[in-house]
Each structure stands twice: as C-alpha cells, then as structure tokens.
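A quick note: this is a predicted structure, and the numbers were derived from the prediction, not measured.
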Amino acid sequence: MSEARARLDALPTTYPRLFPKGPLPWGFELGDGWSQIIAMLCARLDTILQDTPGASIEVRQVKEKFGGLRFYYELHGADDETAAELREAVDLAAATCAHVCERCGRRSAVEDSGGWLSTLCSACRTDP
C-alpha cells in the first residue's frame, strides 16, 4: 500500500466527526495524487465544525468523475454561514484537483481523450 493510500485510509479514524459511520463503503475512489488535497480538505472541514458545535457532516462518497473531484456529504444543523464556508472549502479542493495529476500529484489539467475526461500529467497519461 502506498503512503498516499494509507493517508486516505486513515482519514475516517483521524476525523470521526466527518466519517461517523467509519470507512466509506467503497473507499476513496480516486488516485493517490489527490490524497494530500483530500487530507487538507478533511482537516479544514473538521476545523470549521469545531467552531460550530451543533453542526455535523457525514461524508458519503469521495471519487473522481469526469476528471474532477466529487466530494459528497450530508450536512446537519449548520447555519447558512457555516454551510457556505464548508461548501467553499469543498469547491476549493475540487478546483485544486483540476490542476493536479490524480495519479502522481504533479501539475496537470483535465483533458478529453476520446470522450474520457481525466486529470493526468503527460507522463501518467502515456504510462497506463
């Protein structure tokens, strides 16, 4: 197991407020290159929740789709300001992932390869 994958797999234990049911049923459905971004996002969401004791999140799914990050969560007990702050953090992570190779973490961009959108650097794109 790679260090990046171990980082992702540890997130439900590190952030039980975000993953109240434990590990995700399908795990993290994305490449290791985005692991640091996902870890930073979880840290940010946890910090926001600490400032809003009545709010809670349940992360439902984290995956790559159409070359971008999809981070699905259910929010409970948050006021509009907190909900906006959480949404902004998720949107920032998704925007960052659009410029980072999903596989290795190097600078990249979303590309269309025969109708298949992916965010891979040139080296990872040529090395399946």
Side-chain angles (χ1 to χ4, degrees):
M1 176 185 304
S2 72
E3 180 182 326
R5 187 55 46 178
R7 180 185 303 127
L8 288 173
D9 290 346
L11 291 175
T13 304
T14 305
Y15 301 106
R17 291 184 68 179
L18 305 180
F19 301 90
K21 294 181 180 174
L24 298 172
W26 298 282
F28 291 87
E29 303 169 86
L30 44 80
D32 292 353
W34 290 352
S35 67
Q36 186 172 359
I37 297 166
I38 302 304
M40 290 170 50
L41 171 59
C42 288
R44 178 69 184 130
L45 297 176
D46 192 62
T47 298
I48 294 168
L49 288 177
Q50 287 176 13
D51 294 339
T52 313
S56 67
I57 283 182
E58 180 184 342
V59 177
R60 308 289 290 201
Q61 188 175 31
V62 181
K63 67 180 185 176
E64 176 278 333
K65 184 173 183 179
F66 301 122
L69 172 66
R70 301 298 187 263
F71 191 93
Y72 301 110
Y73 62 93
E74 200 171 299
L75 181 60
H76 304 281
D79 59 29
D80 290 345
E81 183 179 332
T82 300
E85 196 173 354
L86 293 165
R87 195 170 35 256
E88 182 179 305
V90 171
D91 290 348
L92 178 60
T96 301
C97 286
H99 301 285
V100 174
C101 177
E102 180 190 355
R103 193 176 297 161
C104 72
R106 285 183 238 154
R107 186 147 178 76
S108 186
V110 177
E111 287 189 24
D112 184 339
S113 177
W116 190 264
L117 296 173
S118 62
T119 308
L120 298 172
C121 67
S122 58
C124 289
R125 194 170 301 287
T126 58
D127 182 27

*Asks:* If the test is side chain to side chain contact (heavy atoms under 4.5 Å, CB included), which one of Thr14, Ile37, Leu11 qualifies with Cys42?
*Replies:* Leu11
*Asks:* Please name the pair of heavy atoms, one in Arg17 and one in Ala55, separated by the smallest distance, quoted to 0.1 Å.
*Replies:* NH2-O, 3.4 Å
*Asks:* Do NZ/NE/NH1/NH2 and the carboxylate oxygens of Arg125 and Glu111 come within less than 4.0 Å?
*Replies:* yes
*Asks:* Please collect all side chain to side chain donor-acceptor pair (under 3.5 Å) contacts where either partner lies in residues 22-33, sequence neighbours excluded, each pair once.
*Replies:* Ser2-Asp32, Arg5-Asp32, Glu29-Gln61
*Asks:* Strictly distance-based, threshold 3.5 Å: is any side-chain N or O of Ser35 a donor or acceptor partner for the main-chain N or O of Leu8?
*Replies:* no
*Asks:* If every non-hydrogen atom of Cys121 is compared with every non-hydrogen atom of Ser108, which pair is closest and at what distance?
*Replies:* N-OG, 3.2 Å
*Asks:* Phe71 and Leu41: side-chain contact (heavy atoms from CB on, under 4.5 Å), yes or no, with the steps?
*Replies:* CA-CA 10 Å; Phe71 191 93; Leu41 171 59; 3.6 Å; yes
*Asks:* Do Leu75 and Ile38 belong to the same hydrophobic cluster, where Ile, Leu, Val, Met, Phe, Trp and Tyr are linked whenever their side-chain heavy atoms lie under 4.5 Å apart, directly or via other members?
*Replies:* yes
*Asks:* Just checking Asp51: does its CG atom have more than 12 heavy atoms from other residues, nucleotides or ligands closer to it than 6.0 angstrom?
*Replies:* yes
*Asks:* Would you compute the distance between atom CD1 of Ile57 and atom CG of Asp46 and round it to the nearest 0.5 angstrom?
*Replies:* 9.0 Å
*Asks:* Say you draw a straight line from SG of Cys124 to CD of Glu102; how long is it, rounded to the nearest 0.5 Å?
*Replies:* 10.0 Å
*Asks:* Is atom CD of Glu74 surrounded by more than 12 heavy atoms (other residues, nucleotides or ligands) closer than 6.0 Å?
*Replies:* yes
*Asks:* Minimum heavy-atom separation for Val100 to Trp34, with atom names?
*Replies:* O-NE1, 2.8 Å
*Asks:* Rounded to the nearest 0.5 Å, what's the gap from CG on Leu86 to CD on Glu81? Could you check?
*Replies:* 11.0 Å
*Asks:* Return the CD to CZ distance between Gln36 and Arg7, rounded to the nearest 0.5 Å.
*Replies:* 5.5 Å
*Asks:* Measure the spacing between CZ of Arg87 and CG of Leu45 and express it to the nearest 0.5 Å.
*Replies:* 12.5 Å
*Asks:* Does the side chain of Tyr15 come within less than 4.5 Å of Pro20's, by heavy atoms?
*Replies:* no
*Asks:* Could you walk me through whether Glu64 and Arg70 pass the side-chain contact (heavy atoms from CB on, under 4.5 Å) test, one step at a time?
*Replies:* CA-CA 6 Å; Glu64 176 278 333; Arg70 301 298 187 263; over 6 Å; no
*Asks:* Applying a strict under-4.5 Å side-chain criterion to I, L, V, M, F, W and Y, I'd like to know whether Leu49 and Tyr73 cluster together.
*Replies:* yes
*Asks:* Could you tell me which non-hydrogen atom of Leu24 sits nearest to which non-hydrogen atom of Arg60, and how far apart they are?
*Replies:* CD2-O, 3.7 Å
*Asks:* Answer yes when Arg44 and Glu85 have at least one side-chain N-carboxylate O distance shorter than 4.0 Å, and no when they do not.
*Replies:* yes
*Asks:* Strictly by modelled atom types, are Thr82 and Thr52 linked by a side-chain donor-acceptor pair under 3.5 Å?
*Replies:* yes
*Asks:* For atom CZ of Phe66, decide whether the heavy atoms of other residues, nucleotides or ligands shown that lie under 6.0 angstrom number more than 12.
*Replies:* no
*Asks:* How long is the span from the CG atom in Asp112 to the CG atom in Leu117, to the nearest 0.5 Å?
*Replies:* 5.0 Å
*Asks:* Which atoms form the tightest heavy-atom contact between Cys101 and Leu120, and what is the distance?
*Replies:* SG-CA, 3.7 Å
